[in-house]
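To start, the structure itself, in structure tokens.
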Number of protein chains: 2
Amino acid sequence: MKDLDTAELARLTGLPASTLRYYEEKGLIVSIGRRGLKRLFDPSVVDRLSLIALGRAAGFSLDEIGGMFAPDGGPRIDRGRLVEKAEDIDRTIGQLTAMRDGLRHAAECRAPSHMECPTFRRLMRVAAKGGLGHSRQKPQSPA
Amino acid sequence: MKDLDTAELARLTGLPASTLRYYEEKGLIVSIGRRGLKRLFDPSVVDRLSLIALGRAAGFSLDEIGGMFAPDGGPRIDRGRLVEKAEDIDRTIGQLTAMRDGLRHAAECRAPSHMECPTFRRLMRVAAKGGLGHSRQKPQSPA
DNA sequence: CTGCCACCTCAAGTCAACTTGAGGTCAAGC
DNA sequence: GCTTGACCTCAAGTTGACTTGAGGTGGCAG
């Protein structure tokens, strides 16, 4: 496959060109040269960008992801890190599950005000004590 | 119960005084007066702050939460919103579950490199297509 | 050969939810 | 009466992941 310029890579991956430049600046991807001003990328960066997307979806920061590439470009992923992250996610799932069930209950609850619903109040107390570490969910993917 | 000043409220809720001032500035809580410079809060703000914490944990923004209080201070929560949010959370749970399972598989996978593991590659593709909207989890609660 | 226009660079802006810091004030204790 | 120090105000800084904008440049169609 032929080398790709920024626009082609953007089209292939759905990422804006500005993001690709930003990733290059951060060292997450590397361009193999220029044609005039235009960057040229090896087609393998498409895979690399998928990997980056995966890391982001798993909750790793860009810096962490940067540390997961071997100098040769291949992934160098510590399996322990994956397990750890899986556990993180698992905890989050537990909290979100409690939250979801609580919200559903609150939505159906017959009590005149939420403040009089015992389930709601229990949920409130748990949240107040920080038991539900607020696990931000992003509005949505730019897609 | 006696009115509370900022320091007492901070102690009761575990929130830093700066956050309480910030919440007041945003209109999420109201102080009922001053003693000298010090704000005085009605004890009911403790409940209110719990409610705010709950909202945050459920993934609502502070602005959204601000819209959930009736002028009288009681919660005025649209049950539809709760159901919607529960569905949001449910979707997130689904994505996180896939991610967790994928990570666990990747951690155990016998393939010499992750790039050769079909499960891993499938996960990558899904993430690249944005199917896994990156649902940020915060490192942890300040607790 | 000339323009066009896509792409470039670099600095600055955005968003959310706070935190930090400098400098001010006032109720209370000695 | 004076010091102390907790609390105050207001502006600016922080973090992460980008986006935006002004101004520049060069390959290529005509």
Side-chain angles (χ1 to χ4, degrees), chain A residues 2-29 31-41 49 52-67 127 130 132-143, chain B residues 2-29 31-41 49 52-67 127 130 132-143:
Chain A
K2 206 62 182 51
D3 292 340
L4 307 160
D5 68 19
T6 305
E8 289 163 332
L9 194 52
R11 193 173 39 72
L12 279 175
T13 61
L15 294 169
S18 63
T19 300
L20 296 174
R21 279 191 287 271
Y22 175 67
Y23 281 2
E24 195 198 13
E25 193 186 345
K26 288 223 94 182
L28 292 172
I29 58 176
S31 63
I32 57 179
R34 295 283 177 124
R35 173 162 47 224
L37 286 182
K38 298 184 183 180
R39 285 163 180 80
L40 289 182
F41 293 100
L49 286 167
I52 292 170
L54 178 57
R56 297 272 303 115
F60 290 101
S61 72
L62 292 183
D63 284 348
E64 285 175 307
I65 293 169
L132 299 172
H134 50 94
S135 356
R136 331 272 249 93
Q137 340 152 234
K138 263 292 147 114
Q140 55 189 14
S141 22
Chain B
K2 205 63 180 56
D3 292 339
L4 307 160
D5 68 20
T6 305
E8 290 163 331
L9 193 52
R11 194 173 39 71
L12 279 175
T13 62
L15 295 169
S18 62
T19 299
L20 297 173
R21 278 192 287 272
Y22 175 68
Y23 281 2
E24 196 200 12
E25 192 186 345
K26 288 222 94 183
L28 292 172
I29 58 176
S31 64
I32 57 178
R34 295 283 177 124
R35 172 163 46 227
L37 285 183
K38 298 183 183 180
R39 285 163 180 79
L40 289 181
F41 293 99
L49 286 167
I52 292 169
L54 177 58
R56 297 273 304 117
F60 290 100
S61 72
L62 292 182
D63 283 348
E64 285 175 307
I65 293 168
L132 299 172
H134 50 94
S135 358
R136 331 272 250 93
Q137 340 152 234
K138 263 292 149 114
Q140 54 188 12
S141 22

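Throughout, protein chains are lettered first and strands after them, A, B, ... in sequence-line order, and every chain is numbered starting at 1. These numbers come from a predicted model, not from an experiment.
Residue Tyr23(A) has a polar side-chain atom (N or O) positioned under 4.0 Å from OP1 or OP2 of dC18(D). OP1 or OP2 of dA6(C) has not a single side-chain nitrogen or oxygen of Thr6(A) nearer than 4.0 Å. The shortest distance between the side-chain N/O atoms of Arg39(B) and the OP1/OP2 oxygens of dA6(D) is not below 4.0 Å. Not one side-chain nitrogen or oxygen of Ser18(A) sits closer than 4.0 Å to the OP1 or OP2 atom of dT20(D). Phosphate contact (OP1/OP2 of dA16(C), side-chain N/O of Ser61(B), threshold under 4.0 Å): absent. Close to dT25(C), at under 4.0 Å from its OP1 or OP2, lies no side-chain N or O of Arg34(B).
Distance NZ (Lys26(B)) to P (dT19(C)): 14 Å, rounded to an integer number of Å. As rounded to whole Å, 13 Å separates atom P of dT9(C) from atom NZ of Lys38(A). Spacing between atom CZ of Arg21(B) and atom C1' of dG24(C) amounts to 14 Å, rounded to whole angstrom units. As a whole-Å value, the separation of Glu25(A) CD from dC8(C) P is 13 Å. The distance from atom OH of Tyr22(A) to atom C1' of dT20(D) is 15 Å, rounded to the nearest whole Å. Going from atom CD1 of Ile29(A) over to atom P of dC18(D) covers 12 Å, rounded to whole Å. Between Glu24(A) atom CD and dT9(C) atom C1' the separation is 12 Å, expressed in whole Å. dC5(C) atom P lies 20 Å from atom CZ of Arg35(A), rounded to whole Å.
Rounded to the nearest 0.5 Å, atoms CG (Leu28(A)) and CD1 (Ile52(A)) are 4.5 Å apart. Distance CG/Leu12(B) to CG/Leu49(B): 10.0 Å, rounded to 0.5 Å. Once rounded to the nearest 0.5 Å, the distance linking CD1 of Ile65(A) with CZ of Phe60(A) reads 8.0 Å. One distance of note links CZ of Phe41(B) with CG of Leu9(B); it measures 6.0 Å at 0.5 Å rounding.
A salt bridge between Asp3(A) and Arg35(A) is absent, with no side-chain N of the basic residue lying under 4.0 Å from a carboxylate O of the acidic one.
Of the candidates dC8(C), dA17(C), dC7(D), the closest approach to any side-chain atom of Leu37(A) belongs to dC8(C).
Comparing Thr19(A) and Gly36(A), the nucleotide of DNA chain D nearest to each residue sits closer to the 5' end for Thr19(A).
Ala17(A) comes within contact range of no nucleotide atom at all, as no heavy-atom separation falls under 4.0 Å.
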